Every structure is written in C-alpha cells, then in structure tokens.
Amino acid sequence: MASGGGNNRNGTHRNSLKGTTTTSTATDKPLSVNSNPSKPAFKNKSSPLTGASSGLRKSSPGSLGGGAAKDDAGVPGRVRVAVRLRPRNAEESVADADFADCVELQPELKRLKLRKNNWDTDTYEFDEVLTEFASQKRVYEVVAKPVVEGVLDGYNGTIMAYGQTGTGKTYTLGRLGEEDTANRGIMVRAMEDILAEVSPEIDSVLVSYLQLYMESLQDLLGPTNDNISIVEEPKSGDVSLPGATLVEIRDQQSFLELLRLGEAHRHAANTKLNTESSRSHALLMVHVKRTVKGREPAHSSDNGNSTSMARSLRPPLVRKGKLVVVDLAGSERIDKSGSDGHTREEAKSINLSLSALGKCINALAENSAHVPVRDSKLTRLLRDSFGGTARTSLVITVGPSPRHRGETASTIMFGQRAMKVENMLKLKEEFDYKSLARRLDIQLDKLIMEHERKQKAFEVEIERITAEAQNRISEAERNYADAVEKERLKYQKDYMESIKKLEEKWMMNQQNQGNERKEQMVHIAEEVAEVKKLLSKETSLRKAAEEEVDNLKSQLAQLKMSEALANSEILKLRKMVEDEVCQKEKLEGEISMLQSQLLHLSFEADETRKRLDRGGPGKVPGGLDSPVSQVRSQLKGSGNGEKASVAKLFEQVGLQKILSLLEAEDADVRIHAVKVVANLAAEETNQQKIVEAGGLKSLLMLLGSSEDETIHRVAAGAIANLAMNEKNQELIMSQGGISLLSTTASHAKDPQTLRMVAGAIANLCGNDKLQTKLRGEGGIKALLEIVKCGHPDVLAQVARGIANFAKCESRASTQGSKTGRSLLIEDGALPWIVQNANSDASPIRRHTELALCHLAQHEVNAKDMISEGALWELVRISQDCPREDIRTLAHRTLASSPDFIAGLKRLRIDY
C-alpha cells in the first residue's frame, strides 16, 4: 500500500494513558482515560447502530476476558476502530476504469460512505478515517501510539488489523521499511518507542512471534515447535503459552532480524486477489517490565537516618504490560480468490476462525449472556482484547473496487460492531520483593566485608603506631648524645682556627708592604708588551685585505668572460626551441588530419551500414578523396555488405592509429574511435588482432577512466564480443575486467549500457576455469545488482549469465571437481531465479528454467531450493515447459532426488 506524503487531512488524535496511583502491595490499578464519548454510526436511511452508546458492554461473565478476577475496579475503555483505504492497484485501475470507487471518505467528519448504487449510499462513523494518502507515521500515531504508551505505563494493549485479503493489513502492521524508513509499519515503530523509554539496566523487553495456521499454534522463531498449547489461569483468566520462544530485545536491529526470521517461516500463497496472501494469523507478543522510579511513600519521617533506611528497605515498584499485535489473515471468497486444493482448505480454516471472532464480538456488542470463546483458538488468544482488561485498537482495511463491495460492507460492519465492545482497563503493578532481597543481600555482604577490612586495618594501625613510637624514643636518645659530642668538637675546632688566622694575617701584612713596588713595575711592563702585540696584528690584517682585493678583481674578470659564453649558449638554445615548436606544430597538424580522417571514416561506415541494412548500397556523397571512397567502390561488387566495408577500413587506416585515438583529448574522437573498434571486434577474424595490438587493455582502461555513458556502452559491447573467445576471457579476468564491469554497472543509468555489461559478464560465466575467480571478484553480485534496472533485455542477459554459471557448476560437480552448495545460492541468486522462472518474457523464462534444472541436479542444493519455493517451479517446468529437453531434465531431477520426493509428499503434491 502506498503511503501519502505530507497531506494529512486528519487531525492528530491521541489519548494519554498516564495514571497517578500509589500502592503498598501488588495491585491492579485503574487507568485514567480521557472521556471521549463515541458518536454512533448512522446511515442516510436507517442506522443499525442507533443507541450504540447505551449498548456499550461494561462487564459480563461471558466476555472474552471472562474468568478474570474482578476484585479490583477498572476504568471503562471502549474498543477504538479506525478505517484505512487502500488505493487502486494496477489491475483495478484497468478493470474498474469506468466505475467509481464504492467507498467515499470524509476524514474531517470521521465518516465513510459506502455506495449501494449510483444514487444511494450508506454512511458510517468511525473513531478515525484514514485516506489512501495517510502516511505510515500518521497511521501509527492515530491507531497504535496511545496503546503503546499504555503498555509502557503497565496496561495490556492490543493492536489488530482486519480486512479482505490484499487490502494492506500486513503492510500496515509488519512493514520493515528497509528500502524507505517512512514505510515502517506499526510493529517496528512500536518497538522503537518502547526501546526509547525503557532502561536496559533495570527494565526488560521480551518478544514472542507466533502464527495460528489451520487451528495449530506454531512458533515462528522456532519452526520445530508447531503445536503450542494454550493454558488459562483459573483464578485470573490470563492466557499463557508454555513452550513459546521468548527473546529478550536490547536494540532495534535485533528486533528487525527477529521479524525477518518470523516472516520467512510464515505461510503465504499466491491467489487471484493477492500474490503474497497470508495463510495464517500472526501474533507478535511484547512483554514489557518497567521499574517505577521516584515513587516516595505516603508518610515521611523527621529523622533523616530513618527516612534513608526506609527508602532503602522499600521494594521497587514494577509495572508489567503486554502488547499484542495481531495481523489477521484476510477474509476471502473462494470463487474470487481461485483457491483450490490445499489453498482452499487454508481459506476455509481462515474464514472459520474469523467467523468465530465475529460471533464473539456480536455477543459482546449485544450484551449476550453467553460468548462462544472456545469455538476457536483465535478467540481464546484474544479473550483479553475484547471485553477483557486490555486497551484495544482495531484498524480495518478496505479497498475501493466496486467488484468487492460485499466484502467491504462485511468489513465495515465488523468494525461497527467492535466499536460497541467496552473493556475494563487495569493497571498491572507489583512490588519486586525478589529484587529487594537480592539488593539487601549484596549490601549486607558489602557491609560485612567492609567491617572486617576496617577491623583488620585498625589492628594493623595500632601495631604500626606502637612500633613507630618505640623507634622514635630510641632514635631521640641517640640523637641527643651525638649532638652533645658534635657541639664540643665544634667549639674546640673554632678556637684553634681563630688563633691560626690571626697569625697568618700578621705575616701577610709584613710581606705586602715590600711587594707593592715590585707589582707596579711588573704591571707597566705588561701594558707595553700588549701595545706591541696590537700593532703587529693591525699590520698583518692590512696585508691580508690587500691580497683579498686582488683576488676579487681577478674573479670579476672571469665572471665577465663566463657571461659572454652563457649569452652565446642562450642564443643556441633559443634557436633549438624554435625548431622544436615548428616540429610540434607539424605533428599537431598531422594528428588533426588523422582525427578528421577517422571522423569521416566512422561517419561513412555508419552511413554504409545503415544503407546496407535498408537493402541498397545508396549513393555515397562525393567530394571526399579518402580511403572510404575507394572502399565503397569495392563494396559494390561484393556480397558481404558491412563486414567487408569494416574490414577494408581496418586495413587502410591501420589498427594502431585507431587504438591511439582512444586516448585523444577530444571526447567525440574517442567516441568514434571506440565505435570503430567495437565494429571490428564483432568479427571473429579481427578479435585476435585487436587483442595482440593492445586493444583489450585500451578498452578496459577507457572503461575505468572515462565518465561518458556512450563510451561505457560501446566499450562494454566490444568487451562482450571479445569475451566470446576462451583465451580472451582469461585475459579479461587477469586484467581486472570483472571489477571494471561491476563499477560501470553501478554508475550506469542507460539500460543498453547495463545490457552490454551483463552480456560481457554472461560470456565470462560460461568458462569452467574462471568460476571461483569470477565469483570471488564479485561477478555474481554484479549481475544481481544489475537486475534492479528491470528492463527485459537486461534481465535476459542476467538470466543467460546465471544459466551459464549453473551449467558450468553442474558439469564440475558431475566430474567431481566441485563439492558443496552452489556459489549462486551462497551469493543469494536463488530467490531471483525462482521469482523469474515463470516470467512473461520468453528469454528470461527459458534461461531461469534451465538454471533451476541445473541447480536441482545436485542433492546438496535441494534443501535451499525447497525453502525458497523452487519445488513448485520445478513441478511446473516438468509439466508446462515448451522445450522438451528442459521438461525432461526437470522430470528426471524430481524423480531421482530423495529431498524433492519428500517435499512433494509433505506438500501433498501428486506427481
């Protein structure tokens, strides 16, 4: 179902589920619900729901929640119903082009009009009316978000989708939104909100995923557990499912993986009304356990210690809520859906369970004393959702086609009756005494260990202080004795030194008086000698300066001579440069002449090919005295047409000149050059010459360096032609051809470019020696990326490549050179092969049928093929394939494989 952009005409409606209560024991508390009295639905003639508000069900022993304890009062909460319209699909747009939609929506008034004929309509009111433009986000906020908020606050909640097959129930609930996050369904968005509110350290989120198939409750997370029993608590009336797999969810990615695993195990079939019709009811159960933070007791103490002690001894308050998301299988009429055989039995089981659910809702809406809850396992599982303690939100999905007006009316009436059912919402909260006991045990252990540690540390400290005091006393006594002795020796030493200094001072005074005159004479002599030294130094410096001036003069003369020689050398170099410039101009002229010749040759070759394709040689324009004119005169007498013309052009121009123009700066020259090379490569006789001259390497380099789409297309076509030769295939692989082709495909937008790339890879897939290397360098994954184009010609080349690869694998397995699963299956190609095995395009269907038959010849691939639905296609191929050899191969494979024979028996296929 397509979701609208930003045009949401419906106003946002949200009911808060916040309830403020306090309790001292485990209790079920009432929920505060905004009073929003529902408007009774009406028709423009007579409304069957007149007085619906007076018929709302309060609580009765026969409700789906009958048997639950009624000791604690609850708050009434009516089942809220929203209707969502699916837009017309392609089939309806063609078949009902001349007819108006049978449904008209008035979202502002929350009304729906159902056309009885061209002049008469029935009008109904719902809690919400969602047009075909309503986005997935809008649907979630209106239908599911109030229920999810209630579950986070400790209430049970149910979100259910009901409607005819093919109207978008699974799209609304279970869409993963992998391609576009805006398309995420209610399941994914609900888990996002839950994980955003819970705390991973103290809260828990457990999920189970089940399906009710043919009145058998099966575990989608554990396929072997296919018969789960339903147990009802005799006191509370709650339903439990012992044996169902419960998975704890920590992040959104693990939840998405869980949904993918469940969807892979869910039963589905192809009917006239829906190509992927769900054949079972899916139930996603989310158990949320949250610890309430910040809740203080009603009384307080003046003593801070006692308050802290009371707070630590108070057990945490835990709220438990359960969210049930129910994706009901679509109701269908067998004459319209075309179900037969086992599919007809599935449809009968679906209709019986939906009928039982409708009977229960009718009984609840009419306040009947007896509600037939035990008529179906579906009603037993949903007993808390209708008339029980859960907040329930129902979305009914309808289609616009007037051909299905009866089914649409039945769906609308189901929703109208569900709006009369009222549940008694109860808060599920209790004290977590186990958590308190564990916390107190841990605290007690910590206190004991801390006390023992402190006691030991205290004893050690006492011993340390005693030893330290004794050490200090003995040390002080030693220090005192040492200090007294040192002081005595110090005074004695000072006395002796003072006497010695006085004697030395007296002796020095005597000597100084006789030595003063001698020192004056010595000082004068030293000054005279210093002056003489300075004079001699100045003389030597003057001589050195004169010598330096002479050297500089001689160097200047030499520099002048060098400058004259350099000027003459510069004149010679200038002359040489001028000669080089003239030579370059001549070469550029020759290159431009060659480029123009090549352009003329390419143009004339294209014109010749077009005229030859039209059946006549035509008239060649005159005025061009070129090799093309000579070749054209030779082509008139030959019968080979374009091939002879290209060969003559090849011989006259020369391959090396053509290949050199692949690196020209002019984009047009490169384009025409690669076209000529591609035309030459189409001839088997020219392929070896092109490869030997380096043409293959030039084409690969051009494929990696150019960004022009035309060059990519023509170069890929030339490589595809060269890849038809086994020797050239090995050269392409050794020079990184697969990587270049994969990169070209990832950036290409033109289907013809993708077709050329796919053709080249398909030719490489037919080489037995290159299987492992081709797969290792991403060849298979490149083909699977190319299929996103969707063009039939491109898909035909992809199918041919996969068929070649499967054929080589089959041959290698038969010869014993390969063991294990097919590389195609490991790279994820099997789903695409199965999907296109019955394609309307004959080339695609032929190649994919052949690929399936080759894969099926080896027993190791059988289980994967059965799980992907290939068994049905093999049966069809063995019966309906127009080619007798493929039909015989499929028949022989089915008859000889034990796994396939067992699968046929399990699926009850007579073969």
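None of these values were measured; they are calculated from a predicted model.
To the nearest 0.5 Å, the span separating CZ on F414 from CG on L357 amounts to 4.0 Å. To the nearest 0.5 angstrom, M160 atom CE is 7.5 Å from T392 atom OG1. A distance of 9.5 Å separates CG in L354 from OG in S410, rounded to the nearest 0.5 Å. Distance SG/C360 to CZ/R380: 12.0 Å, rounded to 0.5 Å.
With a 4.5 Å cut-off on side-chain heavy atoms, L382 and V326 count as touching. At a threshold of 4.5 Å between non-hydrogen side-chain atoms, the residues Q253 and L256 count as touching. With a 4.5 Å cut-off on side-chain heavy atoms, V83 and I412 do not count as touching. Within the 4.5 Å cutoff, the side chain of T158 has no heavy atoms near those of the D384 side chain. Within the 4.5 Å cutoff, no side-chain heavy atoms of V205 are placed close to those of D203.
The salt bridge (Lys or Arg N to Asp or Glu O under 4.0 Å) contacts involving residues 247-265 comprise E178-R260, E248-R250, E257-R260, where partners must be two or more places apart or lie in separate chains.
Shown here are the side chain to side chain contact (heavy atoms under 4.5 Å, CB included) partners of S867, two or more places apart in sequence or in another chain: there are none. Judged as a side-chain hydrogen bond (donor to acceptor under 3.5 Å, both in side chains), and not counting sequence neighbours, the contacts of K320 are E430. Annotation: side-chain hydrogen bond (donor to acceptor under 3.5 Å, both in side chains) contacts of S353 (sequence neighbours excluded): H281. With sequence neighbours left out, the side-chain hydrogen bond (donor to acceptor under 3.5 Å, both in side chains) criterion links D226 to no other residue. Taking S240 as the reference, V231, E233, P242 meet the side chain to side chain contact (heavy atoms under 4.5 Å, CB included) condition, with sequence neighbours excluded.
Checking each of L105, T167, L130 against R84 for a side chain to side chain contact (heavy atoms under 4.5 Å, CB included) leaves exactly one that passes, namely L130. When each of M191, M285, H287 is tested with V207 by the rule side chain to side chain contact (heavy atoms under 4.5 Å, CB included), just one qualifies, namely M191.
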Verdict with supporting geometry, T397 and Y162, side-chain contact (heavy atoms from CB on, under 4.5 Å) = CA-CA 6 Å; T397 57; Y162 178 91; over 6 Å; no

